[in-house]
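Here is the structure we will look at, set down as structure tokens.
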Amino acid sequence: MTLGRAWARDWVGRSARVIAEQRTRLISLDREIGDGDHGENMERGFQAVVVKLADLDPDAAPAEVLKLVATTLISTVGGASGPLYGTAYLKASGAIAGLEELDGTALVALLGAARDGVVLRGKAEVGDKTMIDAWTPAVEAAGQAQAEGRSEAQILDAAAAAAESGSASTDPLVARKGRASYLGERAVGHRDPGSVSTALILRAAADAATGGT
Amino acid sequence: MTLGRAWARDWVGRSARVIAEQRTRLISLDREIGDGDHGENMERGFQAVVVKLADLDPDAAPAEVLKLVATTLISTVGGASGPLYGTAYLKASGAIAGLEELDGTALVALLGAARDGVVLRGKAEVGDKTMIDAWTPAVEAAGQAQAEGRSEAQILDAAAAAAESGSASTDPLVARKGRASYLGERAVGHRDPGSVSTALILRAAADAATGGT
Amino acid sequence: MKKLINDPRTVVAEALQGVALAHPGLLTVVTGPDHIHRADAPVQGKVALVSGGGSGHEPLHGGFVGYGMLDAAVPGAVFTSPTPDPILAATLAVDGGAGVLHIVKNYTGDVLNFETAADLAEAEGVQVRAVITDDDVAVKDSLYTAGRRGVAGTVFVEKIAGAAAQRGDDLDAVTAIAQRVNAATRSMGVALTAPTVPHAGEPSFDIGDDEIEIGIGIHGEPGRERIALEPADAIVDRILAPIVEDLPFASGDEVLLLVNGMGATPLIELYVAFRRAHESLAAQGITVTRSLVGSYVTSLEMQGFSLSLLKLDAELTELWDAPVQTAALRWGR
Amino acid sequence: MKKLINDPRTVVAEALQGVALAHPGLLTVVTGPDHIHRADAPVQGKVALVSGGGSGHEPLHGGFVGYGMLDAAVPGAVFTSPTPDPILAATLAVDGGAGVLHIVKNYTGDVLNFETAADLAEAEGVQVRAVITDDDVAVKDSLYTAGRRGVAGTVFVEKIAGAAAQRGDDLDAVTAIAQRVNAATRSMGVALTAPTVPHAGEPSFDIGDDEIEIGIGIHGEPGRERIALEPADAIVDRILAPIVEDLPFASGDEVLLLVNGMGATPLIELYVAFRRAHESLAAQGITVTRSLVGSYVTSLEMQGFSLSLLKLDAELTELWDAPVQTAALRWGR
Ligand SMILES: Nc1ncnc2c1ncn2[C@@H]1O[C@H](COP(=O)(O)OP(=O)(O)O)[C@@H](O)[C@H]1O
Ligand SMILES: Nc1ncnc2c1ncn2[C@@H]1O[C@H](COP(=O)(O)OP(=O)(O)O)[C@@H](O)[C@H]1O
Ligand SMILES: [Mg+2]
Ligand SMILES: [Mg+2]
Ligand SMILES: [Mg+2]
Ligand SMILES: [Mg+2]
């Protein structure tokens with residue numbers, strides 16, 4: 001079963017809710033190895049998205065929804081995560097331009113474009129202890145699931161699961177990008193907050209596909 | 001047995017020691033209803049006195065010793081207590097000018113002049129919750145003891161005891177002079193720090209007369 | 001106690017050495033007895049202004065020495081009035097033959113020590129007048145107190161009397177202006193935290209995590225009352241009302257408003273407070289035509305702020321606007 | 001958390017309203033998207049300077065807007081880079097036809113958001129250049145970090161490039177001067193306590209009563225190492241050495257020295273630190289010919305300080321001395 005506008009809107013709504021719920025956790029993680037604003041930044045952005053989405057034409061295609069997310073995050077989040085997530089959604093929107101329904105191929109393209117957008121702006125590689133450590137395994141797992149002929153819901157579940165373990169894999173790392181890179185060895189033992197928000201957002205995508213809670 | 005230069009010097013030395021010992025107590029009391037510097041101010045002043053006294057002609061009369069205390073306190077203590085104690089010692093010195101040995105009458109004059117000096121500068125009355133609440137009972141008790149024909153040591157002991165209970169009598173008072181007056185009712189239940197330093201100095205005078213410790 | 005110092009006993013002397021090194025063309029720092037004076041003092045024929053008091057309120061007073069403001073500042077130990085010797089030395093150093101005005105904050109210690117110094121200076125042939133600043137409405141001015149404290153409004157007196165002296169007013173006139181400014185100034189402060197005097201090593205008072213002290217002095221002397229922490233607007237309203245009532249300031253008045261940080265209050269918060277004070281005054285028909293926002297009269301690392309209001313007229317406004325060149329206040333040159 | 005605010009979500013907006021009310025002739029505050037610009041902007045024919053970044057560092061940057069320094073400042077949320085929209089709006093508002101220089105502290109967020117705004121401004125026909133300040137020697141500048149942070153030395157870049165623009169230099173020349181200043185500036189900071197971001201509600205890091213953080217950033221990012229509290233002189237020596245080594249500064253150099261308070265450090269302590277830094281430099285043959293002591297680049301109510309050193313030459317000295325008229329830095333007019 002392909003995923004359409006309802007899924008796209010539900011994904012955004014779930015993302016906003018889970019980011020709001022996890023706001024203090026994201027702040028705490030960012031306090032430990034950054035400057036303590038990641039939860040606030042992301043919540044501010046996604047609340048603005050929810051408000052704007054209510055005004056969007058109900059017939060808007062998934063790409064329109066993602067573009068709205070992109071421009072809203074760019075203009076409300078600030079910090080490093082604003083331009084990074086903003087570019088991710090912008091590129092993701094471009095990858096599914098014109099499509100009303102997204103199949104497995106489209107989803108893999110969406111995720112890959114999002115990841116490439118983050119890399120384009122932030123120049124991070126896997127192992128740098130950034131959100132890329134969640135995005136790249138997610139893209140790879142989605143590609144693999146799609147190659148194995150899994151359903152759209154299964155593809156997104158695979159992506160979310162990979163993002164979650166990718167995020168956990170940042171714990172032992174020394175950071176090479178972002179604020180945590182100032183810390184050297186002292187970042188070891190802490191999880192990168194941006195990788196956690198990425199995992200939350202991808203889990204929201206999977207949940208939106210199954211209608212789970 | 002009249003009291004001479006040895007007593008005067010011993011009084012000053014004992015005063016300096018007891019002020020140094022009680023420095024933190026005086027600071028704590030002043031923290032409660034003032035600005036927390038009384039112990040520091042008095043210690044700074046008496047340490048300077050000790051240094052200067054070492055250079056004073058060993059044959060200097062008691063009045064010279066007290067004058068040295070006065071000018072040194074004036075130029076090193078600062079705050080309210082500097083000019084008040086400074087004037088006290090200056091007037092006390094004047095009251096015994098020319099005397100080599102102090103009998104009971106001289107001691108009562110010394111104490112009365114000191115008290116009058118504080119009043120001249122500070123305009124406080126008994127009950128205003130200041131050092132006057134220690135000085136005035138001390139002067140009265142000394143006068144009484146002298147009228148009763150007591151020894152010099154007994155006169156000073158009576159003065160010290162009266163200063164101590166006068167100081168304790170400041171506990172329930174609302175202050176009408178000095179920093180504690182800003183507090184209104186909130187000064188109630190706290191002892192005035194200047195009355196405590198006065199009691200310590202007068203006890204030092206009595207101890208110097210008996211050679212006690 | 002966490003401080004950037006070497007030793008509580010040397011902090012004032014070392015800071016003075018820093019001041020001397022940082023402002024060589026502007027200030028001369030004399031040690032023994034310690035004071036700061038204008039590098040070009042004495043200015044012949046000009047009335048000289050001398051202020052001073054305990055240290056720990058920086059930039060007050062040393063930061064206000066220079067063209068158009070003070071001629072000398074006399075720092076005591078932290079929160080302790082200076083003794084007469086350095087006040088006398090400063091007075092003699094800056095007298096340019098036209099007499100010296102002492103600007104003294106109303107604390108028993110400051111008043112007594114300046115009084116003694118003035119007597120000694122007069123004995124040396126220098127004409128001395130004094131103005132006692134007492135702008136703090138938190139303290140009842142009655143027979144039953146030492147009178148109102150001099151707090152942040154002292155900056156208004158120093159700036160405006162300094163401008164009057166700079167333009168050539170004689171000692172009587174400068175004294176009268178200083179008195180007029182003090183009489184038209186009212187202040188009140190609030191503390192969120194307590195300062196720690198270096199030699200005391202402990203905060204000057206204990207205050208709960210959700211409490212504030214209304215009517216705080218600048219030496220950590222406890223204030224009028226202890227209340228629960230409130231939003232900034234409510235706090236501003238709470239201390240602005242007694243200020244306005246006291247003079248009273250009235251609709252139609254033009255005022256100079258100082259929102260003064262007590263040491264550890266971020267500037268961003270001072271502007272939040274300024275906004276509310278300006279708004280509330282406007283609602284009462286009182287127009288803020290001049291203003292100052294910053295930490296000018298501090299209490300070491302105390303978090304808190306004060307509001308000061310001066311009722312302006314054309315002359316006071318002109319004198320406020322006159323050029324000033326000091327370490328902490330500078331415009332027009 | 002004890003703050004003089006109404007609501008963490010409105011603090012920046014309310015402070016901006018305060019700024020507007022406090023500096024009517026000097027600054028214009030635009031809301032939606034929020035920025036501050038010179039009241040007389042755009043200045044035709046002059047290169048315009050725009051800086052910005054997270055709030056909480058006041059007076060940086062809004063306090064440096066005015067004649068001879070910045071044309072506009074763009075405040076983000078507390079400790080969070082502004083988004084491109086207000087940067088773009090500020091850039092368009094101040095362009096006087098001679099192009100705009102963005103002065104950006106080196107943080108991933110600031111760099112990315114300014115980059116995007118520059119692209120959008122160029123698309124509207126405004127010529128934009130950027131200089132990234134990265135003066136903090138506490139961070140290793142290697143492939144394995146986001147590079148050095150921009151900290152208090154940014155003030156030198158803003159003042160000196162501002163003076164170059166004011167004297168009429170073109171965009172290439174102003175950019176080159178800004179880069180030259182940044183290249184000749186080194187800084188390092190120390191924290192005694194942590195700042196508390198209003199919306200976070202908790203201190204940015206935990207630090208013991210007898211510990212200090214060496215190499216602190218201006219956003220409460222932890223520094224190089226945590227050590228036991230030391231006397232001021234030892235702390236100054238500890239952070240001065242890596243600054244001097246890094247450029248390196250050498251005997252015979254003339255320098256501008258900034259002793260910068262991080263928010264809650266009393267001025268008296270900054271002068272104690274200044275004294276030591278000046279002395280230590282003198283002992284190495286390095287002469288402090290210009291200086292600045294005060295809280296210019298802060299981190300909310302953090303106790304701590306930083307040292308910044310700029311190697312001067314005749315031109316940089318002349319540009320530093322040139323008149324400036326802003327809320328926080330003013331001389332010569
Ligand atoms: N160069 C980069 N590439 C990818 N992700 C990055 C990069 N720099 C930072 N990030 C991500 O951004 C997150 C921090 O976002 P946030 O706290 O909102 O911004 P800021 O660091 O400006 O305060 C980090 O946890 C990290 O995942
Ligand atoms: N007007 C006064 N008359 C008599 N004693 C006074 C007066 N004002 C203050 N004192 C005394 O001075 C003491 C405070 O001295 P100190 O703390 O050294 O000075 P300061 O109040 O300037 O900090 C008070 O405890 C009180 O006994
Ligand atoms: Mg962050
Ligand atoms: Mg005291
Ligand atoms: Mg005192
Ligand atoms: Mg941030």
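It should be emphasised that the depicted structure is a prediction, and the values quoted were computed from it without experimental measurement. In what follows, every chain begins at residue 1, and chains take the letters A, B, ... in the order their sequences are listed.
- In the displayed structure, D:K3 atom NZ is contacted under 6.0 Å by more than 12 heavy atoms of other residues, nucleotides or ligands.
- The candidate from A:G79, A:S181, A:S81, A:A80 with the greatest count of non-hydrogen atom pairs under 4.5 Å with chain D is A:G79.
- Using a 4.0 Å cut-off between charged nitrogen and carboxylate oxygen, A:E43 and D:R9 count as a salt-bridge pair.
- Taking D:G215, D:S81, D:G217 one by one and counting their heavy-atom pairs under 4.5 Å with chain A, the maximum is reached by D:S81.
- Interface with chain D: from residues 53-65 of chain A, no residue qualifies, criterion being any non-hydrogen pair under 4.5 Å.
- Once rounded to the nearest 0.5 Å, the distance linking CD1 of A:I74 with CG of D:N113 reads 9.0 Å.
- Scanning both residues, D:L112 and A:P83, for their nearest heavy atoms gives CB-CG, 3.5 Å.
- No other option in D:P82, D:G76, D:P84 has as many heavy-atom pairs under 4.5 Å with chain A as D:P84.
- Contacts of A:R121 with chain D are made by both backbone and side-chain atoms, with heavy-atom separations under 4.5 Å.
- In terms of heavy-atom proximity, A:G78 sits nearest to D:T83 at N-CG2, 3.3 Å.
- Within 6.0 Å of CD on A:Q144 lie no more than 12 heavy atoms contributed by other residues, nucleotides or ligands.
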Which donor-acceptor pairs under 3.5 Å do side chains of residues 86-93 of chain D form with protein atoms, sequence neighbours excluded?
unit_1 : atom_1 : unit_2 : atom_2 : d
D:T91  : OG1    : D:I87  : O      : 2.6
D:T91  : OG1    : D:H102 : NE2    : 2.9

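- Within the 4.5 angstrom heavy-atom criterion, atoms from both the backbone and the side chain of A:D37 approach chain D.
- The two atoms that bring D:F79 and A:R179 nearest to each other are O-NH2, 4.3 Å, heavy atoms only.
- For A:E100, the CD atom counts as densely surrounded, since its 6.0 Å shell holds more than 12 non-hydrogen atoms of other residues, nucleotides or ligands.
- Taking D:A146, D:G53, D:G147 one by one and counting their heavy-atom pairs under 4.5 Å with chain A, the maximum is reached by D:A146.
- Options D:V111, D:D136, D:D85, D:D110 differ in how many heavy-atom pairs under 4.5 Å they form with chain A, and the most are formed by D:D85.
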Identify each donor-acceptor pair in which a side-chain atom of residues 188-205 of chain D lies under 3.5 Å from a protein atom, sequence neighbours left out, and give them as a table.
unit_1 : atom_1 : unit_2 : atom_2 : d
D:T193 : OG1    : D:Q303 : N      : 2.8
D:S204 : OG     : D:P195 : O      : 3.2

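- Contacts between A:A124 and chain D at a heavy-atom distance below 4.5 Å are absent for every atom of the residue.
- Near-neighbour residues of residues 24-36 of chain A relative to chain D, defined by a heavy atom under 4.5 Å from a heavy atom of that chain, comprise A:I27, A:R31, A:E32, A:G34, A:D35, A:G36.
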